[in-house]
Structure formats: structure tokens, C-alpha cells
Amino acid sequence: MGERRRANASRGDKKVANGEKQHVGQWGRAWEVDYFSLASVIFLLAFAPLIVYYFVMSCDQYQCALTAPVLDLYSGKARLSDIWDKTPALTWTAVKIYLAWVSFQVFLYMFLPDILHKFVPGYEGGVQEGARTPAGLINKYQVNGLQAWTITHLLWFANAYHFHWFSPTIVIDNWIPLLWCANLLGYSAATFALVKANFFPTNANDCKFTGNFFYDYMMGIEFNPRIGKWFDFKLFFNGRPGIVAWTLINLSYAAKQQELYGQVTNSMILVNVLQAIYVVDFFWNESWYLKTIDICHDHFGWYLGWGDCVWLPYLYTLQGLYLVYNPVELSTTAAVAVLLLGLIGYYIFRMTNHQKDLFRRTNDNCKIWGKKPKSIECFYVSADGKRHYSKLMISGFWGVARHLNYTGDLMGSLAYCLACGFDHLLPYFYFIYMTILLVHRCIRDEHRCSSKYGKDWKLYTSAVPYRLLPGLF
């Protein structure tokens with residue numbers, strides 16, 4: 001392991017003919033850890049699980065009032081032990097539900113190759129190539145997420161309206177016991193990935209060791225850990241089980257609202273529809289997703305493993321959970337406004353990404369907004385020493401701002417929250433979190449691109465000076 005670390009460390013820079021130092025294989029996570037990054041990692045490892053528990057507990061015991069638990073503790077009305085004693089424990093029922101769920105998603109991922117791409121126009125599934133890794137490899141993926149999502153939801157509706165094998169409210173009825181199961185899977189996946197990277201990595205040249213246990217555990221060592229030819233940890237955990245579950249969780253919330261109040265409010269319908277659009281879009285464009293930052297730059301560790309198992313399904317669905325405890329019926333005007341905001345945000349998000357994908361697929365031999373797109377030519381060098389050429393588009397939405405797809409994403413995120421009204425802060429956590437996440441991702445992504453493309457990146461930022469909001473940021 002020590003030799004592998006030294007080999008990785010030696011690949012950071014390379015001399016070129018004119019004597020300048022040229023960065024090689026510098027995208028991906030950091031080779032070294034500064035004190036601020038280490039402090040951030042330790043903070044997240046310590047407090048992120050507590051944050052998830054606090055939000056879920058606030059709904060379960062305090063009708064989603066975020067400040068109520070703190071006020072009760074401060075005033076002496078409750079003790080930590082009182083809150084913990086009221087928290088549902090892990091149950092065998094939850095364990096069986098979760099094992100069945102994850103096993104079913106593994107089965108759909110591994111043993112049902114995609115057939116939708118053969119007869120659904122415009123959909124790209126089946127075997128697809130990812131982006132080039134820092135070591136110069138191009139991995140192949142079995143893209144079948146849309147098929148897995150479709151089968152899963154068809155079975156859910158078949159059960160709800162015909163077979164009645166289980167209650168449509170099964171998820172929310174076991175919500176906190178399932179939280180413990182999700183944590184077990186998240187920590188197990190991260191721990192296994194750490195051990196695997198040290199002793200039997202899929203590709204040692206795509207591993208990054210910092211020598212700091214906490215950073216390596218959270219941010220990951222191995223770039224594309226796999227078992228066998230097709231089970232890719234990043235693709236599976238990013239898409240399944242969390243994102244497939246997202247819409248099922250929302251449907252369970254809607255079913256619970258129907259059970260408790262005899263109706264499903266228009267706000268719950270809006271949350272289900274708008275978030276379903278986002279989820280279906282993710283799986284429709286899963287082959288495009290292989291070229292995004294999660295696959296192209298992030299290594300697999302606790303950040304992705306635990307995050308996709310726990311953080312995503314429990315905090316991204318807070319709006320629906322809130323509406324179970326606090327049903328909101330919006331006026332027609334407010335409902336239409338929320339819907340339009342969500343749809344416009346989605347349009348900006350999707351068309352921005354579509355323009356980039358079209359530009360790449362056609363090697364800029366296309367039209368963006370009726371004109372041939374402009375671009376800046378650039379190059380980078382992978383860890384194997386090979387020089388690769390690329391282009392950065394400065395036309396269409398990508399000429400307006402460098403990350404306008406994130407702007408559209410934030411508009412959609414705000415729409416989910418506005419559907420819940422203004423009585424509580426809890427449903428707005430998602431928008432606050434996404435704003436922090438995407439702003440940080442802008443900065444992180446641009447730091448990597450600067451390392452990857454060097455002076456060509458400076459030319460690009462001069463041509464497109466704003467990140468998210470033209471004229472502001």
C-alpha cells in the first residue's frame with residue numbers, strides 16, 4: 001500500500017519540453033488535505049447523521065417544528081433521554097423491508113439489461129461509455145435506471161390498486177426504523193470501499209491516498225470501485241436505491257395524507273409531480289449523467305455511499321414529510337405560480353444540459369439558438385502522460401453563465417419548498433442546502449477545471465464572467 005501511495009504522489013506534476021511544470025491527472029479530489037478541509041470532513045462525519053435524525057425526529061415528535069425540541073430542552077420540559085426514548089428503534093420488519101428493497105434494486109441493476117432503448121425513441125440506455133478517468137481509462141456502464149424505475153413503480157401501483165401485498169403507507173409507517181437500516185448500508189458501503197481501495201482496488205492508478213484516514217474515508221480513495229465487470233459502486237449508489245426510492249417515498253406520503261385526512265392536498269400533488277419530473281429526467285439522461293461531476297470527479301467514499309443511502313432519501317423528501325403533518329391547500333393562483341416556477345426552472349436546467357450534450361456529441365457541428373456555437377479550444381494531460389483535446393462552449397445558456405443549469409435546479413428546488421407555505425422553516429432546508437451545495441460545487445468544479453485546463457480556463461472565465469446569476473454572481 002505504501003508503494004502505491006508513493007506512486008500516486010509522484011504523478012502530481014510533469015516537466016514538459018520548455019521546462020514549465022504541467023499538471024497531470026489533477027482533476028478528481030485533492031491529493032493533499034489542508035486544515036480547513038480536514039475540519040470540514042470531521043464536522044460532517046460527526047454531525048451529518050445527527051442533522052438527519054434531528055429533522056426526522058422533529059416531524060415525528062414536534063409536527064416538524066425545528067425549534068421546538070431545542071426550546072423544550074432549554075426550558076427543561078424534556079431531556080435528551082426523553083426524546084431518544086420516544087424514537088422508534090430498529091425493527092425486524094424494517095430490516096426485512098430494507099433488505100428486500102436493496103436486493104430488488106441490485107437484481108434490476110445487475111440482471112436485467114436495458115431493453116427500453118431498443119423501442120423508446122430518443123432514450124439512450126444499454127452499454128454506454130463514461131468520461132475518461134484521471135488515469136486515462138474509459139469505463140463502460142450498463143445504463144438501465146429508467147427501466148428499473150419503471151418496473152419498480154409499475155409494481156408499486158399494481159400492489160396499491162390490485163394485489164394489496166403491503167400498505168401504500170409502508171414507507172412512512174416504518175420511516176425511522178428504516179433510517180437505521182439506511183445508515184447501516186451507508187456506513188457498510190463506505191467501509192468496504194476503504195478496505196477495497198487499500199487491498200484490492202479495481203484500478204490502482206485511479207486511487208488517491210492522502211494519508212489522512214478521515215479524509216480518505218469520507219471523500220473516497222478509489223475512483224471507480226467495481227465488483228466484477230458491471231457492478232459500479234458510484235452508478236448504483238448515486239441512482240439506486242436513493243433516487244428510485246425518492247418518488248416512492250413521496251407516493252407513500254401522499255397515501256398517508258389520504259389515510260389521515262381523507263384527501264391529498266394540491267401542495268402534495270405539486271411536490272409529487274415536480275420532484276417526479278426531476279427523477280424521471282435523471283434516469284432518462286442517465287447516460288449523460290456519466291459525464292457529470294459525480295462520476296467524472298468524485299471518488300467513492302462515505303460522502304457518496306452514506307449520502308446516497310441516508311442524506312438523499314431522508315432530507316430531499318422533507319417537503320412531502322412536512323405536508324403529512326401539516327397539510328397545506330394552496331389557492332389556485334399560488335398553485336399555478338409554484339408549478340410555473342418549477343417548470344421554468346426545469347426547462348432552464350434541462351435545456352442548458354441538452355445544449356452541452358449536443359455540443360459534445362456533434363463535436364460542435366450543430367446549432368445553438370440558431371447559430372453555430374462558439375467555443376474555446378483547450379487541452380489536458382491524463383496520468384498516463386497522454387495529451388487530450390477538448391472544447392469549452394461559450395454559446396447559448398453556457399454563454400450567459402458558467403453554471404446556468406444549477407440556476408434552473410435552484411428554481412425547481414425553491415418551487416418544492418414554496419408549495420409548503422410559510423409556517424415553518426423545515427421544508428425550506430432543501431433550498432438552503434442546495435444553494436450551499438451548488439455554490440460550493442461551482443467553486444470546487446472550477447478549481448478542478450483550472451487545474452485541468454490551466455491558462456485555457458482563464459480564457460473561458462474571461463469570456464463567460466458569471467457563474468450562476470448574470471450581472472450578480
Side-chain angles (χ1 to χ4, degrees), residues 44 48-60 64 87-88 90-91 93-106 108-109 145 148-149 152-153 156 166 168-190 233-256 268 271-272 274-283 289 294 302-325 412-413 416-417 426-427 429-431 433-434 437:
L44 288 173
L50 295 178
I51 291 171
V52 176
Y53 169 74
Y54 186 85
F55 274 88
V56 176
M57 176 275 297
S58 296
C59 284
D60 183 58
C64 298
T87 302
L90 178 66
T91 65
T93 299
V95 170
K96 287 185 283 187
I97 292 170
Y98 201 75
L99 281 176
W101 167 250
V102 175
S103 298
F104 183 57
Q105 291 307 311
V106 170
L108 294 177
Y109 177 66
W149 184 90
T152 301
H153 284 71
W156 190 93
F166 53 84
T169 63
I170 189 173
V171 176
I172 187 171
D173 290 341
N174 296 275
W175 197 221
I176 294 182
L178 287 171
L179 172 61
W180 311 133
C181 297
N183 270 282
L184 286 171
L185 178 61
Y187 277 96
S188 297
F233 276 65
K234 278 202 293 190
L235 186 61
F236 177 79
F237 281 95
N238 269 308
R240 282 71 67 77
I243 296 184
V244 173
W246 188 342
T247 39
L248 285 184
I249 293 166
N250 282 341
L251 288 171
S252 183
Y253 292 156
K256 194 66 177 181
M268 179 69 84
V271 168
N272 269 261
L274 290 174
Q275 293 189 346
I277 290 172
Y278 180 89
V279 170
V280 173
D281 176 89
F282 172 86
F283 287 119
Y289 178 70
D294 289 343
W302 184 88
Y303 175 77
L304 290 181
W306 180 87
D308 290 324
C309 289
V310 180
W311 187 271
L312 188 156
Y314 277 84
L315 296 190
Y316 285 25
T317 62
L318 279 176
Q319 293 79 32
L321 182 63
Y322 172 84
L323 292 171
V324 170
Y325 293 94
S413 301
Y416 310 156
C417 303
L426 181 139
F429 170 81
Y430 181 73
F431 176 70
Y433 164 73
M434 289 300 293
L437 174 73

Inter-residue atom distance [X].[atom1] - [Y].[atom2], 0.5 Å rounding:
X      : Y      : atom1 : atom2 : value
Leu178 : Ile97  : CG    : CD1   : 5.5 Å
Trp180 : Leu185 : CH2   : CG    : 15.5 Å
Tyr322 : Tyr253 : OH    : OH    : 14.5 Å
Asn250 : Leu321 : CG    : CG    : 10.0 Å
Cys309 : Leu179 : SG    : CG    : 11.5 Å

- salt bridge (charged side-chain N to carboxylate O under 4.0 Å, His left out) contacts in which one or both residues fall within residues 173-184, not counting sequence neighbours: Asp173-Lys256
- Hits for side chain to side chain donor-acceptor pair (under 3.5 Å) against Trp156, two or more places apart or cross-chain, chain-then-number order -> none
Between the main-chain N or O of [Y] and the side-chain N or O of [X], is there a donor-acceptor pair closer than 3.5 Å?
X      : Y      : result
Ser252 : Pro168 : yes
Tyr314 : Trp175 : yes
Asn272 : Met268 : yes

- Query: Side-chain donor-acceptor pair under 3.5 Å between Gln275 and Thr317, yes or no?
  - Reply: no
- Task: Say whether Trp149 and Thr247, considering side chains only, have a donor N or O and an acceptor N or O under 3.5 Å apart.
- Result: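 A donor-acceptor contact under 3.5 Å links the two side chains.
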- When you look at Phe283 and Ile243, which way does the side chain to side chain contact (heavy atoms under 4.5 Å, CB included) test go after all the steps? CA-CA 9 Å; Phe283 287 119; Ile243 296 184; 3.7 Å; yes
Minimum heavy-atom distance [X]-[Y], with the two atoms named:
X      : Y      : result
Thr91  : Pro177 : OG1-CB, 3.9 Å
Pro241 : Trp101 : CB-NE1, 3.1 Å
Pro88  : Asp60  : CD-OD2, 3.9 Å
Gly239 : Phe282 : CA-CE2, 3.9 Å

- Message: If you apply the rule side chain to side chain contact (heavy atoms under 4.5 Å, CB included), what do you find for Gln105 with Leu108, and how did you get there?
- Response: CA-CA 5 Å; Gln105 291 307 311; Leu108 294 177; 4.0 Å; yes
- With Trp311 as reference, evaluate Trp302, Tyr303, Phe237, Tyr433 under the ring pair (Phe, Tyr, Trp, His ring centres under 6.0 Å) test and give the passing residue.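 The option that passes is Tyr433.
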Would you say [X] and [Y] make side-chain contact, with heavy atoms under 4.5 Å?
X      : Y      : answer
Val95  : Cys181 : yes
Tyr98  : Asn174 : no
Asn238 : Tyr289 : yes

- Whether Tyr430 and Tyr316 hold their rings parallel, tilted or perpendicular, with breakpoints at 30° and 60°: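 The arrangement is perpendicular - the two ring planes meet at more than 60°.
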Under 3.5 Å donor-acceptor pairs involving side-chain atoms of residues 50-59, not counting sequence neighbours:
from: Tyr53; atom 1: OH; to: Thr87; atom 2: OG1; distance (Å): 2.6
from: Tyr54; atom 1: OH; to: Leu66; atom 2: O; distance (Å): 2.4
from: Ser58; atom 1: OG; to: Tyr54; atom 2: O; distance (Å): 2.7

